[in-house]
Structures are given as C-alpha cells and as structure tokens.
Amino acid sequence: MPVYPSGLDVSSSALRFLVARLREHRRRLGTRWRRLSAGRQALLALAHLRNGHPYAQLAAGFGIGTTTAYRYITEAVDVLAALAPPLPDVVRAASTKAFVLLDGTLLPIDRIAADRPFYSGKHKKHGVNVQVIADPFGRLLWASPVLPGAVHDVRAAREHGVIDALAGAGIVCWADKGYQGAGGTVRVPYRGRWETLSTGQQAVNRSHAKIRALVEQAVATLKSWRLLRKLRCSTTRITSRVQAVLTLHLACSG
C-alpha cells in the first residue's frame with residue numbers, strides 16, 4: 001500500500017499528554033520493548049481518533065501490522081477513557097457555575113436496517129445517543145456513556161442519573177423540548193405551536209433558545225474528532241472512544 005506524509009490538526013499538548021500517560025502505563029506493565037515508541041503510539045491513536053482512518057490504512061503508514069495497530073490504538077483509548085471524569089465530580093465542579101446546559105446528540109454508526117434499537121426516528125438514521133453537559137459559555141464538561149439511538153433524550157438523562165445529580169446539587173439546567181417532563185432543576189421551553197403561545201411565552205422561549213444554543217459548541221467539540229461522525233467499530237467500543245475524546249479535550253483546554 002502506498003503511503004504519504006500527512007498533517008494532524010491536534011495540539012501538541014494533546015500529544016504530550018497522551019505520551020506521558022502511555023509511558024506511565026508501560027512502566028506499570030513493565031514493558032521492555034514495543035514496535036512503536038510511546039510517542040509513535042500516541043500519534044497513531046490521535047490519528048485514529050481525529051481522522052477516523054481505518055486500521056489497515058494507519059498500519060501501513062506506521063509500518064506495522066493491522067492487528068498491532070488495532071491493539072495499540074485500543075490500549076491508548078482505554079488509557080484515556082479511564083481518566084474521564086465521572087458525573088459526580090463534574091456536578092461538584094459545576095456547582096460553582098450559574099447554570100449548565102444539557103443536550104443529547106446522535107453519533108451515526110454503520111449498522112444494517114435490522115438493528116432497530118440503534119435507529120433514531122428523530123434523525124432517521126442509526127446511531128448512539130450521547131448526553132452532553134456544557135458550562136454557560138458552551139464549553140464541554142462531560143459526555144455520557146452511549147445508549148442506543150432509539151432512546152429519547154429525557155430517558156437517557158434519567159438512566160445516566162443526570163437529572164437527579166443536578167437536582168441534588170441545586171444546579172439549574174437549561175435544555176430543549178426533548179427533556180419535557182424531566183422535572184428537578186431542568187428548565188425547558190413552553191410546549192405548543194408558536195402561534196398558539198402567548199406573547200409572554202414566546203418571549204420566554206426566545207430567551208431560552210438564545211441561552212441553550214451555546215450547548216451546540218460542546219457538541220461540535222465532540223464531533224470535531226472525525227471518528228465520531230461515522231463510527232464503524234463495535235457498539236461496545238464506542239463509549240471508550242467518546243470518553244477518550246473527552247479526556248483529551250479537558251486535559252488540553254484547562
């Protein structure tokens with residue numbers, strides 16, 4: 001397979017962070033020799049996450065076998081995923097903020113039509129549901145484990161314990177109509193067709209939309225990692241990739 005040099009649009013701090021974590025991991029394992037150094041393994045994993053290239057293509061570029069590429073990438077992803085902050089820690093940190101933003105997004109997957117649990121009627125495609133919490137400026141704070149795309153946002157938030165955790169901490173949360181009936185401290189817009197709402201309700205919904213719109217920046221942060229725009233791996237491996245991206249973002253944006 002012909003190979004060619006290519007750039008990778010990630011920060012050098014992300015590379016340094018992952019290299020340090022992989023070196024620590026290798027020391028814990030007592031690893032003496034690898035086909036790739038920690039630096040090259042980190043670069044391989046970042047290329048996979050950022051660009052979503054297939055294992056065979058990456059293996060050719062790094063001069064290793066496809067199986068080795070898969071093993072090295074999986075190891076690096078798992079190391080990063082283990083460092084992702086749990087929801088209780090995120091809620092404690094968010095308690096100092098005026099409010100948080102909550103939204104769900106669908107990460108498309110390559111599945112056949114028979115996989116109904118992963119089919120989202122809202123988006124008309126197969127995928128997995130990820131819940132996202134952002135601060136008032138739209139900065140990504142947390143991304144949930146994935147659920148099948150057929151799961152609605154309010155149900156997903158309940159299953160992850162997001163609503164109870166925010167209510168317990170007294171944190172006001174702004175969300176869209178997909179969270180109607182959530183209760184707790186979740187604020188949603190008024191339901192109904194625009195023309196049937198009162199002038200006051202329309203004004204509230206306009207203000208609500210302006211505040212909540214910033215959460216799209218957090219969603220865009222996740223999807224700037226092109227692997228998450230069209231996932232072709234097993235659905236059991238998607239959560240670790242989302243958590244790995246979250247760890248890299250938080251480590252390099254603090």
**Q** Using side-chain heavy atoms (C-beta onward) and a distance below 4.5 Å, is Phe99 in contact with Arg187?
**A**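 SC-SC contact between Phe99 and Arg187 ruled out.
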**Q** Report yes if some heavy atom in the side chain of Lys223 is under 4.5 Å from a heavy atom in the side chain of Thr105; otherwise report no.
**A**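 Yes. Closest side-chain heavy atoms under 4.5 Å.
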**Q** How long is the span from the CG atom in Leu106 to the CG atom in Asn129, to the nearest 0.5 Å?
**A**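 If we round to the nearest 0.5 Å, Leu106:CG and Asn129:CG are 7.0 Å apart.
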**Q** Within the supplied structure, the quantity of interest is the number of heavy atoms (other residues, nucleotides, ligands) at a distance under 6.0 Å from His152 NE2; does it exceed 12?
**A**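 It does not: His152 NE2 has 12 such atoms or fewer within range.
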**Q** Could you go through His25 and Thr31, starting from their C-alpha distance and side-chain angles, then the distance that decides it, and tell me whether this counts as side chain to side chain contact (heavy atoms under 4.5 Å, CB included)?
**A** CA-CA 9 Å; His25 178 69; Thr31 302; over 6 Å; no
**Q** Quick check: is Val77 connected to Leu231 through a chain of hydrophobic side chains (ILVMFWY, heavy atoms under 4.5 Å apart)?
**A**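 Yes, Leu231 and Val77 fall within the same hydrophobic cluster.
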**Q** Looking at Gln131, is its backbone amide N or carbonyl O close enough to the side chain of Ser144 to form a donor-acceptor pair, meaning the two atoms are under 3.5 Å apart?
**A**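 Pair found, side chain donor or acceptor close to backbone of Gln131.
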**Q** Could you measure the distance from the CZ atom of Arg139 to the NZ atom of Lys97? Nearest 0.5 Å is fine.
**A**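 So the gap between those two atoms works out to 6.0 Å.
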**Q** Walk me through it: do Val245 and Thr221 pass the test side chain to side chain contact (heavy atoms under 4.5 Å, CB included)?
**A** CA-CA 9 Å; Val245 167; Thr221 295; over 6 Å; no
**Q** Nearest 0.5 Å, please: how far is CG in Leu141 from NE2 in His249?
**A**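 Going from NE2 on His249 over to CG on Leu141, the span is 8.0 Å.
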**Q** Is Glu216 reaching over with its side chain to a backbone N or O of Ala213, donor-acceptor style, under 3.5 angstrom?
**A**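 No.
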**Q** Report yes if some heavy atom in the side chain of Gln41 is under 4.5 Å from a heavy atom in the side chain of Arg26; otherwise report no.
**A**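 Side-chain contact under 4.5 Å: yes.
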**Q** When you compare the side chain of Ile171 with that of Val91, does any pair of heavy atoms fall below 4.5 Å?
**A**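 Touching, per the 4.5 Å side-chain cut-off.
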**Q** Do Val215 and Leu140 share a hydrophobic cluster (ILVMFWY, side-chain heavy atoms under 4.5 Å, transitive)?
**A**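 No, it is not one cluster - the side chains of Val215 and Leu140 are not joined through contacts under 4.5 Å.
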**Q** A side-chain contact here means heavy atoms from C-beta on lying under 4.5 Å apart; do Val10 and Leu248 qualify?
**A**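 Side-chain contact under 4.5 Å: no.
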**Q** Is it possible for you to say whether Leu15 and Leu8 belong to one hydrophobic cluster, with membership spreading through side-chain heavy-atom contacts below 4.5 Å?
**A**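 Yes, Leu15 and Leu8 fall within the same hydrophobic cluster.
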**Q** Do you know the tightest heavy-atom contact between Leu58 and Leu44?
**A**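 In this case the closest contact between Leu58 and Leu44 is CB-CD1, 3.7 Å.
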**Q** Could you pull out the closest heavy-atom pair between Val79 and Arg21, with the gap in Å?
**A**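 In terms of heavy atoms, the two residues are closest at CG1-CB, 3.9 Å.
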**Q** Closest approach of Lys124 and Tyr119, non-hydrogen atoms and distance?
**A**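 Heavy-atom minimum between the residues: CA-OH, 3.3 Å.
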**Q** Is any side-chain heavy atom of Ile238 less than 4.5 Å from a side-chain heavy atom of Val130?
**A**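 A side-chain contact is absent here, since even the closest heavy-atom pair is not under 4.5 Å.
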**Q** Looking at every non-hydrogen atom in both residues, tell me the closest pair between Tyr190 and Gln180 and how far apart they are.
**A**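 Closest approach of Tyr190 to Gln180, heavy atoms only: C-NE2, 4.4 Å.
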**Q** Are Leu18 and Trp225 connected, step by step, through hydrophobic side chains (Ile, Leu, Val, Met, Phe, Trp, Tyr) whose heavy atoms are closer than 4.5 Å?
**A**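 In one cluster: yes.
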**Q** Can you tell me how far apart CG (Asp103) and CG (Asp153) are? Round to the nearest 0.5 Å.
**A**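 The CG atom of Asp153 is 6.5 Å from CG of Asp103, to the nearest 0.5 Å.
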**Q** Take the angle between the ring planes of Tyr55 and His48 and call it parallel below 30°, perpendicular above 60°, tilted in between.
**A**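 The arrangement is parallel - the two ring planes meet at less than 30°.
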**Q** Under the criterion salt bridge (Lys or Arg N to Asp or Glu O under 4.0 Å), I'd like the reasoning laid out for Glu75 against Arg71: C-alpha separation, chi angles, the key distance, then a yes or no.
**A** CA-CA 6 Å; Glu75 180 183 48; Arg71 189 172 66 251; over 6 Å; no
**Q** For residues Leu147 and His160, determine if any side-chain heavy atom of one lies less than 4.5 Å from a side-chain heavy atom of the other.
**A**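 Yes, their side chains come closer than 4.5 Å.
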**Q** What are the two closest non-hydrogen atoms of Ala143 and Val242, and how far apart are they?
**A**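 That closest heavy-atom pairing would be CB-CG1, 3.8 Å.
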**Q** Output yes when a side-chain donor or acceptor of Arg16 lies under 3.5 Å from a complementary backbone atom of Ser11, and no otherwise.
**A**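 Judged by distance alone, no pair lies under 3.5 Å.
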**Q** Check whether any side-chain heavy atom of Trp142 sits under 4.5 Å from a side-chain heavy atom of Val100, and report yes or no.
**A**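 Side-chain contact under 4.5 Å: no.
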**Q** Any idea which heavy atoms bring Gln243 and Ala84 closest together, and the distance?
**A**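 Minimum heavy-atom contact is OE1-CB, 3.2 Å.
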**Q** Applying salt bridge (charged side-chain N to carboxylate O under 4.0 Å, His left out) as the test, list every pair that has at least one member in residues 45-58; sequence neighbours left out.
**A**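 The answer is Asp9-Arg50.
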**Q** As an exercise, state the distance from CG of Leu250 to CG of Leu80, rounded to the nearest 0.5 Å.
**A**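 Between atom CG of Leu250 and atom CG of Leu80 there are 11.5 Å.
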**Q** Does a salt bridge link Asp78 with Arg237, judged by any charged N lying under 4.0 Å from a carboxylate O?
**A**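 Here Asp78 pairs with Arg237 in a salt bridge, since their nearest N and O are under 4.0 Å apart.
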**Q** Report yes or no: do Leu214 and Leu102 belong to one cluster of Ile/Leu/Val/Met/Phe/Trp/Tyr joined by side chain heavy-atom distances under 4.5 Å?
**A**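 Result: no, two separate clusters.
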**Q** Measure the spacing between OG1 of Thr68 and CZ of Phe62 and express it to the nearest 0.5 Å.
**A**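 So the OG1 of Thr68 and the CZ of Phe62 are separated by 13.0 Å.
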**Q** For the backbone of His53 and the side chain of Asn51, can you confirm whether one donor and one acceptor N or O come within less than 3.5 Å of each other?
**A**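 Absent.
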